Structure formats: C-alpha cells, structure tokens
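What follows is one structure encoded as structure tokens, with my remarks underneath.
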Amino acid sequence: MRKEWMEKDYYAELGVDKDASAKEIKKAFRKLAREFHPDNNPDNPNAETRFKEINEAYDTIGDDETRKEYDHAREMGYFVGGPGGGQQYVRVEDLLGGTQGASAQDLFGGFQDLFGGRQQPRRPQKGSDVAGSVSLSFHEALAGPTKELVVGTRTVKVKIPKGVSDGTRVRVKGKGGPGAAGGPAGDLYVTVHVGSHPIFERKGKTDLSIEVPITYTEAALGAVVTIPTLQGTTKIKVPPGTQGGTKMKVSGKGIETARKTGNLLVTLHIAVPAEISDEEHAALDALRNAENGWNPRSRLGV
C-alpha cells in the first residue's frame, strides 16, 4: 500500500465520483490534460504541477487493477483507544511498520504482536507495484528516448520503446516498492503520453495518414506530386481522372518500431482556388464550353 494513496483522493483530482466508469474517468482525464498541458500554458507556472497531478491520478484509477488496489487501500484502517478513552485512526501500514504489500497473515500477525500474542513467522512478500508517467513529443516517441523518473527517493532510468504509441504502459521490472521478509521488489509501470503531429495522424501502432490537396488539372490529367513523410519527401503518381477522396498507400513510410515499419496512408482532395486571374477565368470558361453539357449529377436523377 503506497503512503500517498491514503493522503490523496484521485477521484477528486479528476473531478469524478468514486463509482465513475472507466470511460468517464478517461474522458475527464483527457479534458483536464488538454486544459493544463504545459505547452498550452506557457505563462502559467502552476500548470505543469497540475498536469503531473492529473497524470498521477489517471495512472492510478485509470487502470482497472491499480484502481482496485487503490480503492482497497483507502478502505483499510483500524481504530484503537486513544488518551482519555477516545479513539484515533491508525493506518494498517502503520501497524505493520510501513510494510508494503502486506498480506492477511501480516495483518493478523501484527495484531497478535500488539496485544501480546505469538507472532507467526512471515513469508517473503513481493513489493508493491508503482505507477508513473512520462509525456513525449511526437518526434521524441519515434526515437525511443531514455527518461528519468523519481520513484520515492530513487531516480530510475526508463528506456522507452522506439515508435511507442500514446497510452502505452512500459514495465520496468524490480523498480517498484521494496519487498518484505526477503521478497522481491515490485515493478514500475510507466504510462507514456505522446503528443500529436500537425500534419500526420497516427493509425494503429505503425501506420500514419495524411490528407494531400491536388489541383483540378492534376486530378483530371494526372501528375506526379511531391508529398511529405517522416523521413523527408517522396513522390506519388496521381492517375488521370483521379476523384476527390481517392486513397493511396505509400509502403514503408510510416512509423518504425523494433518489429516493423508501417505505411503512409494518403487521401487526395481536389483543391479549388479562392481567387483566380482573368487568364484562368477565360481558360475555365473555355473548358466549360468544351464539356458539351456533361453532367456529373446525372446519376442522381437531376
């Protein structure tokens, strides 16, 4: 049981009820993360702190298993007699000397020791798992950087996989809470938040998509056009008679991970200029006259 779990109400941090669904929690987190992201608040020194608090809350109650542990930890407690016949609240971890990952045997063994009973030998217990998070830009995620996280009083280096996607959880074995009675340490689970790209949109784990405008003449007559990729630029062939909304695939120009390299999915749109010159107007009039009454809406019955 982590000490901060007894002190922090992560539901309140995200502004949701304790019985909120996973979908409601995720929706609240995304809204707050956008609102307090440091990139959106360059003049607000408190935004980064609030952003970290929001991530910490979501890392805990946004994961089903960790949420169950958190809810259970918040419910654990014991009342003992205080001075003058009163009562005081004592956390179970205090009764057990701050031991994390305590079992029922630890609990009842601790009670026996407090009241003079015989304490049973303790078995090795694995330490508690710890949750953390890192935020990366789109290009940082492509490279697979090594980030440092502070876990308690320790600084842990975390190698982020190359091409990691938003929401990925990275497990760092043995870097969680210390074990008890010679047991192994718990694990560190790091949730990776990846920023967006102004041009490309991620599709799945390795594919990217992009919308590319082309001119009417390029669509009608065909052309070879240059488009951007993560690796630089490349050329694609637009066939004559290409329609708006046509989709094309450029192999090997997506995101590179340790296992594969994705593709770039291109959607072509026909761009119409907002203003044209007199010469262009005359040419388009001539084209309209040359169409001989061709009506692309005839299949609609009009």
Side-chain angles (χ1 to χ4, degrees), residues 23 26-27 29-31 33-34 37 39-40 134-145 160-170 191-277 279-281 283-288 290-291 294-300 302:
K23 185 177 181 180
K26 186 174 184 179
K27 181 178 180 181
F29 163 72
R30 286 183 169 178
K31 179 181 178 181
R34 287 194 297 268
H37 196 287
D39 291 347
N40 298 329
V134 295
S135 295
L136 305 177
S137 69
F138 188 90
H139 287 287
E140 278 184 310
L142 297 179
I160 307 298
K162 185 177 182 180
V164 66
S165 57
D166 183 54
T168 298
R169 296 185 75 201
V170 178
T191 301
V192 183
H193 302 292
V194 180
S196 59
H197 192 280
I199 296 176
F200 302 107
E201 182 178 349
R202 196 158 187 160
K203 297 292 184 181
K205 293 187 178 297
T206 59
D207 286 346
L208 291 174
S209 69
I210 185 174
E211 295 189 357
V212 176
I214 57 175
T215 67
Y216 173 79
T217 53
E218 288 173 332
L221 302 178
V224 175
V225 300
T226 300
I227 64 171
T229 71
L230 288 178
Q231 299 79 14
T233 60
T234 191
K235 295 181 182 298
I236 59 172
K237 185 177 181 180
V238 178
T242 293
Q243 304 297 304
T246 295
K247 298 183 183 298
M248 306 177 70
K249 181 175 73 173
V250 184
S251 299
K253 295 299 183 179
I255 293 173
E256 181 182 353
T257 68
R259 295 184 177 183
K260 63 178 294 187
T261 299
N263 304 311
L264 178 61
L265 310 177
V266 179
T267 301
L268 299 176
H269 292 287
I270 299 175
V272 177
E275 297 181 1
I276 59 176
S277 66
E279 183 180 0
E280 290 169 327
H281 195 285
L284 289 172
D285 272 340
L287 176 61
R288 179 163 53 190
E291 288 174 344
W294 173 66
N295 181 11
R297 296 173 294 281
S298 59
R299 66 182 182 87
L300 302 178
V302 294

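What you are looking at is a predicted structure, and each value in this text was computed from that prediction instead of being measured. Side chains included, hydrogens not; waters and symmetry mates left out as well; all remaining heavy atoms used.
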By side chain to side chain contact (heavy atoms under 4.5 Å, CB included) - contacts of Gln243 (at least two apart): Thr246

Could I get the full list of side chain to side chain donor-acceptor pair (under 3.5 Å) partners for Ser277, not counting sequence neighbours? Glu280

What salt bridge (Lys or Arg N to Asp or Glu O under 4.0 Å) pairs are there with at least one residue in residues 218-228, not counting sequence neighbours? none

Residues forming a ring pair (Phe, Tyr, Trp, His ring centres under 6.0 Å) with Phe200, sequence neighbours excluded: His197

Only counting residues at least two apart or in another chain, list the ones meeting side chain to side chain donor-acceptor pair (under 3.5 Å) with Asn295. none

Pair listing, salt bridge (Lys or Arg N to Asp or Glu O under 4.0 Å) test, anchored in residues 197-214, at least two apart: Glu201-Lys203

From CD1 (Ile210) to CG (Leu265), nearest 0.5 Å: 11.0 Å

Is it the case that atom CZ in Arg169 sees more than 12 heavy atoms from other parts of the structure closer than 6.0 Å? yes

Results of side chain to side chain contact (heavy atoms under 4.5 Å, CB included) for His37 - residues two or more places apart only: Asp39, Asn40, Phe51

Among residues two or more places apart or on two chains, list those pairs meeting side chain to side chain donor-acceptor pair (under 3.5 Å) that have a residue in residues 260-276. Lys247-Thr267

N/O donor-acceptor pairs under 3.5 Å from side chains in residues 219-231, not counting sequence neighbours:
from	atom 1	to	atom 2	distance (Å)
Thr226	OG1	Lys235	NZ	3.0
Thr229	OG1	Gln231	N	3.2
Thr229	OG1	Gln231	OE1	3.4
Thr229	OG1	Gly232	N	3.2
Thr229	OG1	Gly232	O	3.4
Gln231	NE2	Gly254	O	3.4

Test of understanding: with side chain to side chain donor-acceptor pair (under 3.5 Å), list the residues that count as partners of Thr168, not counting sequence neighbours. Ser165

Shortest non-hydrogen contact from Thr242 toward Ile214: CG2-CD1, 4.4 Å

Tightest non-hydrogen contact, residues Pro239 and Lys237, listed as CD-O, 3.4 Å

Does a side-chain heavy-atom distance below 4.5 Å link Val134 with Val170? no

Between Lys23 and Lys27, is any pair of side-chain heavy atoms under 4.5 Å apart? no

Summary of side chain to side chain donor-acceptor pair (under 3.5 Å) pairs that have at least one residue in residues 248-258, sequence neighbours excluded: Lys162-Glu256

In this structure, CD1 of Ile255 is separated from CG of Leu142 (nearest 0.5 Å) by 5.5 Å

Straight-line distance of Ile236 CD1 to Leu268 CG, nearest 0.5 Å: 5.0 Å

Only counting residues at least two apart or in another chain, list the ones meeting side chain to side chain donor-acceptor pair (under 3.5 Å) with Thr191. Asp59

